[in-house]
Amino acid sequence: MELSTRYTPAEFEAGIYTEWLATGGFSPKVAPPAEKTYTIMIPPPNVTGVLHMGHALNGTIQDIVIRHRRMNGFTALWVPGTDHAGIATQAVVEKQLFEKEKKTRNDLGRDAFLARVWEWKEQHGSYILEQFRRLGSSCDWSRTRFTMEPMMTAAVRESFVRLWEKGLIYRGPRMVNWDFKLGTAVSDDEIENESRKDKLYELRYPVKDSPGEFITVATTRPETMLGDTGVAVNPKDERYGHLVGKSLLLPLVRERRDGYHFDDLVNPIAVSAEIPVIADESVELGFGTGAVKVTPGHDPADYERGKRHGLLIVSLYEKDGRLNANAGEFAGIAREKAREAICKRLDELGLLGKVEDYVHNVPISDRSKSVIEPIVSEQWFVKMEPLAKPAIAAVKNGSLKFRPERWTKVYLDWLENVHDWCISRQLWWGHQIPVWYDEDNVPVASRTDLAIGSMHPVTKKPIVRQDPDVLDTWASSWLWPFATLGWPEKTPDLARFYPTQFLSTAREIIYLWVARMVMAGYEFMDHLPMEQRIPFTTCNVHATVLDGKGRRMSKSAGNGIDPIEMIDKYGADAVRYSLILLTKEGQDVKLSPDRFDQGYRFSNKVWNAARFVLLNMSGAQIVDPTSKEGRAQTRLEDRWILSRLARVRTEVSAKLDAYLFNDAATALYQFVWNDFCDWYVEIVKGRMSSKEDPSGPVARGTLARVLSDSLALLHPFTPYVTEVLWKSLNETLSRKLPMLMNHVWPDGAGLEIDARAESEMQSIQDLVHAVRQVRNLTSAGERQPLVAKIAAPVKAERDVLLAHAATVKALAALETCEIAEKTARPKNSAVAVAGGIEVFVTLAENVDLGKLKDVLARRADKVRQGIAGIDAKLGNAAFVERADPEVVEGEKVRRAELVVELQLLERNLSDA
RNA sequence: GGGCGAUUAGCUCAGUUGGUUAGAGCGCUACGUUGACAUCGUAGAGGUCGAUGGUUCGAGUCCAUUAUCGCCCACCA
């Protein structure tokens, strides 16, 4: 196949992906009994999602791992899928419904609305997975899962019923976070605190039977005063000691409100407007007025205070966010407007004190971005403490490792302080809670649907309804590692691929998802021995991708970079490689679009290096440099590049085994660009010039070997370009090898580290570099052929140079090159010094001697500096005494070398 | 209030267990199109490693304090 001179990924990426799929795709083959499996479950993106840079990075990481393990003989499975994302998806469809038809979900009714959501999901739900495909992800598409498919429903019900049977699920009125915009409860983990500038209002509550006496409280939410059922002060606070136990007259409030006692949250009782002053340690002495209004119905801290002191709970809101009858004259007002109205009334009564600017944290719903109100509501909960125990043990006994390790602490902190999990959501899109009630409202959980009218298995009374609420999205996602494999059925997949080995995810969902999956693994995979229940053994927490200015990329800020746009422009390989080169483990990365250039240039470099190799292969004889006859024909540069290859192969393998992607990618970058392209290819060009050159065949063999192994080593990082070049290489060499994706990882056969070749090559590189420095001193446009006389007094070095004079000549662009033990400096010659070797370069009469002196002087300065540094050390008795003898010896050797070089430099400086 | 991360060249970042003259990519300067690649090559300039103190023969690296920025957790109304 002819390769065009330009690397144009758009020409082949789609075709290569099709070929991958045509050869069986990425479904793991059934391997021999002793198969080693390697499984990754994709963190299922929301069906509403669009690929962003975080996904692109994480997709790349997972694909690198799975491709590397696949090439290493593992039966490798990467399961893709999406999450139904209850709230997010319902919100999208509701919004669309309203924009297009001006209807709400209630206008349609539950079934019709859900049909709309499914329709939407079918149309848009796989978009993000297609984007993952563009990235080159080698997922097993035949196993694509969705958290709302029937298989998952079975798993969700099984898990719910099991927890129910163990008594870990309970229902009751509790303080929950209410999102009025979405009309549902949300869990603590779905809210974020936003620092906002608000007002702090002081309110005055008259003391009963003590005219003119007030207690002043401060609040950021004055409207909640209508629900106050007490005022708390610190027991040590002398200002208020005499008032504890007395009553206050709550302003604006009717004589009676409807409320509840903590012991009975079902039957309402009358609540007086006379509220007690209580003493509670939780009130901070030095803060504010020292008195806190207590609203057990609408503040989590007050809920606890109220519970401790037997206060009553008054709820103020209707489900639509307007104030209810308890608000008296303010009933029916939307909660945002109530604040103003209430303050106005209090002011008229002279009961509004200071109003000051105040910065504080306001809880915001992750999904709707609306302000969360704590309310008391009846919800389903999961008891978390028993589930957390094995998940805590898992990291403590080393079964689960986080990378970077520091996330272990984050995970542990959450688990050790875990709260019960509110799992019910007042939504329609999601797994409906598998609980049915009889006519007495007695609930029962069931794996299968209980028909209306059928018999309640416990009470034997007729079933009258199913719980209308749905489960939190994470109540299905936490089953992902095994439900995707068929659990609760005992499927062959489950037996083969569970537990998985690697989970890579974003840090935001360590609590929401990672910790819960670990809990679920231990809880539900109880048919396995303890050590095999863990859902994954390594949890990689990838970098957060920030914009060029260090801000989070977000849709609302409009500072995101669309990976698909970048793939269109630079190619998927360039996007992948750039991301990996830029992200050192979990370290955040600032990304601007032009950063993808690096990956693009690298891919282009690989492309053109391959072109060079292939152009020189056809019709020529090729000898394998690792064969017996080939070995005898190799030259220094062949042995050198093969030694470098041996090193890089070992290094990349080790780094990938350790999930150090950036290190592996950097090592390959340097090997391919610097060692192979800059040096080896340049040196070997001379041997390619004629087909008759006797050193040609083994050079061709070396080129082929290095390219072949390089492509394989690079394949996990840049799968497309390596696959297409692999194909060409195979055609050119008439090799019958499988696609690179299914090829074996290079085993290093016949390669060895050749320290001697490396050190000899180093001398040549130093020398060439020194001559090039001189060459660059000549003025523009007047380059003349250079003649060099090289004085190399040390025999070993001289022999190497003599053997490779042609190489030096070619790389340093010399006309002729004489090498001797010593040689006199010709007139008007420039001089270069490399270690103990002098190179006199003549016929460069337009050399700028001033510049030359500068170069030599600067170099001499550096060498002197080096010597001085070493002398300082060696002159220090403590150093000689205490430092490692090897280090001391090394310094001495180094000093001797530097002294030789300095002598040469000084002599030539004075001659110049 | 607690915890974590970052601070190294103009920019974006490496620097593994403390040990040669602290590196890379981009950008910049000069030069160069020899048939893999100008999406390239050659050479060069550019850094008292945030600050202070300490440990050590020796600190970008370890310890303490501190400054600035960012993230997470937390019921100060």
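Lettering follows sequence order; numbering is per chain, from 1.
- Between the CG atom of A/Asp597 and the C1' atom of B/U12 there is a distance of 14 Å, given to the nearest Å.
- Of the P atoms belonging to B/G5 and B/A64, the separation is 12 Å, rounded to the nearest Å.
- Taking only side-chain atoms of A/Arg772, from C-beta outward, the nucleotide of B/A77, B/U42, B/A6 with the closest atom is B/U42.
- With RNA chain B read from its 5' end, the first of the two nearest nucleotides for A/Val880 and A/Gly869 is the one closest to A/Gly869.
- At a threshold of 4.0 angstrom between heavy atoms, the contacts of A/Val613 with the nucleic acid are absent.
- Dense packing is recorded around NZ of A/Lys584, with more than 12 heavy atoms of other residues, nucleotides or ligands lying under 6.0 Å away.
- In this structure, A/Asp678 atom CG and B/U34 atom P are separated by 18 Å, rounded to whole Å.
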Does the pair A/Tyr577 and A/Leu668 meet the rule for a side chain to side chain contact (heavy atoms under 4.5 Å, CB included), with working shown? CA-CA 11 Å; A/Tyr577 209 68; A/Leu668 281 167; 3.8 Å; yes

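- Between A/His769 and B/A43 there is a side-chain N or O to OP1 or OP2 distance below 4.0 Å.
- Applying the Watson-Crick and G-U wobble criteria (two distances, each under 3.5 Å), B/A6 pairs with B/U68.
- For B/G41, the OP1/OP2 oxygens have a side-chain nitrogen or oxygen of A/Trp673 closer than 4.0 Å.
- When the side-chain nitrogen and oxygen atoms of A/Tyr511 are compared with OP1 and OP2 of B/C73, none of them lie within a distance under 4.0 Å.
- Pairing partner, B/U48: none, since no Watson-Crick or wobble contact has both distances short of 3.5 Å.
- Closest to the side chain of A/Phe287, out of B/C75, B/A77, B/U39, is B/A77.
- Base pairing of B/G25 is made with B/C11, judged by Watson-Crick or G-U wobble geometry with both donor-acceptor distances under 3.5 Å.
- Listed nucleotides: B/U39, B/A36, B/A43. Nearest to the side chain of A/Asn776: B/A43.
- Straight-line distance between the P atoms of B/C26 and B/C62: roughly 30 Å, to the nearest whole Å.
- Between A/Lys605 and B/U39, a side-chain N or O to OP1/OP2 separation shorter than 4.0 Å is absent.
- The residue A/Gln598 sits close only to the backbone: its heavy atoms come under 4.0 Å of sugar-phosphate atoms, none of a base.
- Each of B/A77, B/G5, B/U39 was ranked by its minimum atom distance to the side chain of A/Val292; first place goes to B/A77.
- Considering only the side chain of A/Phe879, B/G19 comes nearest among B/G19, B/U39, B/A36.
- Nucleic acid contact for A/Asn616: none, since no nucleic acid atom lies under 4.0 Å from a heavy atom of the residue.
- In terms of heavy atoms, A/Thr289 sits closest to A/Glu202 at CG2-OE2, 3.7 Å.
- The separation of B/U55 from B/A59, taken at their P atoms, amounts to 11 Å, rounded to a whole angstrom.
- Going from atom OH of A/Tyr7 over to atom P of B/A38 covers 16 Å, rounded to whole Å.
- Taking the C1' atom of each, B/G27 and B/G35 are spaced 31 Å apart, rounded to whole Å.
- Going from atom NZ of A/Lys862 over to atom P of B/U20 covers 15 Å, rounded to whole Å.
- For A/Lys409, the listed nucleotide lying nearest its side chain is B/G3; candidates were B/C75, B/U21, B/G3.
- Within the 4.0 angstrom heavy-atom criterion, base atoms lie near A/Lys685.
- With both pairing distances under 3.5 Å, B/A30 is matched to B/U42 as a Watson-Crick or G-U wobble pair.
- Contacts of A/Arg894 with the nucleic acid, taken as non-hydrogen atoms under 4.0 Å apart, include base atoms.
- Among the atoms of the strands shown, only primed sugar atoms or phosphate atoms (P, OP1, OP2) are found under 4.0 Å from some heavy atom of A/Tyr358.
- Nucleotides B/A14 and B/G25 are separated by 10 Å at their C1' atoms, to the nearest Å.
- Nucleic acid contact for A/Leu898: base, since at least one base atom lies under 4.0 Å from a heavy atom of the residue.
- Atoms CD1 (A/Ile683) and P (B/A36) sit 15 Å apart, rounded to a whole Å.
- If you take CZ of A/Arg595 and P of B/U12, they are 8 Å apart, rounded to a whole angstrom.
- B/G18 and B/C63 have their P atoms separated by 11 Å, with the value rounded to a whole Å.
- Ring orientation note: the planes of A/Tyr600 and A/Tyr570 are nearly perpendicular, at an angle over 60° on the 30°/60° scale.
- Here the nucleotide nearest the side chain of A/Leu615, chosen from B/U12, B/A36, B/G44, is B/A36.
- Side chain of A/Asn608 to backbone of A/Asn604: a donor-acceptor contact under 3.5 angstrom is found.
- Across all strands, A/Asn876 comes closer than 4.0 Å only to sugar-phosphate atoms, never to a base (heavy-atom distances).
- At B/A45, one or more side-chain N or O atoms of A/Arg858 fall inside 4.0 Å of OP1 or OP2 (strictly under the cut-off).
- Nucleotides B/G19 and B/G58 place their P atoms 14 Å apart, quoted to the nearest Å.
- A close approach under 4.0 Å does not occur between any side-chain nitrogen or oxygen of A/Gln587 and OP1 or OP2 of B/G5.
- Nearest heavy-atom pair, A/Tyr659 versus A/Arg403, reported as atom, atom and distance to 0.1 Å: CD1-CD, 3.7 Å.
- Both A/Asp594 and A/Leu285 lie near RNA chain B, and the one whose nearest nucleotide falls closer to the 5' end is A/Asp594.
- Atom name P, nucleotides B/G70 and B/G32: the rounded distance is 48 Å, in whole Å.
- Among A/Arg859, A/Arg864, A/Arg858, the one residue that satisfies the salt bridge (charged side-chain N to carboxylate O under 4.0 Å, His left out) test with A/Asp861 is A/Arg864.
- The existence of a salt bridge linking A/Asp420 and A/Arg174 is excluded, since no basic side-chain nitrogen approaches an acidic carboxylate oxygen closer than 4.0 Å.
- For the pair A/Glu881 CD and B/G19 P, the interatomic distance rounds to 22 Å; values are reported in whole Å.
- A side-chain donor from one of A/Thr295 and A/Asp228 sits under 3.5 Å from a side-chain acceptor of the other.
- For A/Arg601, a side-chain nitrogen or oxygen approaches OP1 or OP2 of B/C26 to under 4.0 Å.
- B/A59 is unpaired under the Watson-Crick or G-U wobble criterion, no partner having all donor-acceptor distances under 3.5 Å.
- At whole-Å resolution of the value, CD in A/Glu585 and P in B/C13 are 15 Å apart.
- Of the residues listed (A/Phe596, A/Phe717, A/Tyr669), the one engaging A/Phe602 in a ring pair (Phe, Tyr, Trp, His ring centres under 6.0 Å) is A/Tyr669, and it is the only one.
- In this model, the phosphate group of B/U12 is not approached by any side-chain N or O of A/Lys584 to a distance below 4.0 Å at OP1 or OP2.
- Phosphate proximity of B/U12 to A/Lys590: present, with a side-chain N or O under 4.0 Å from OP1 or OP2.
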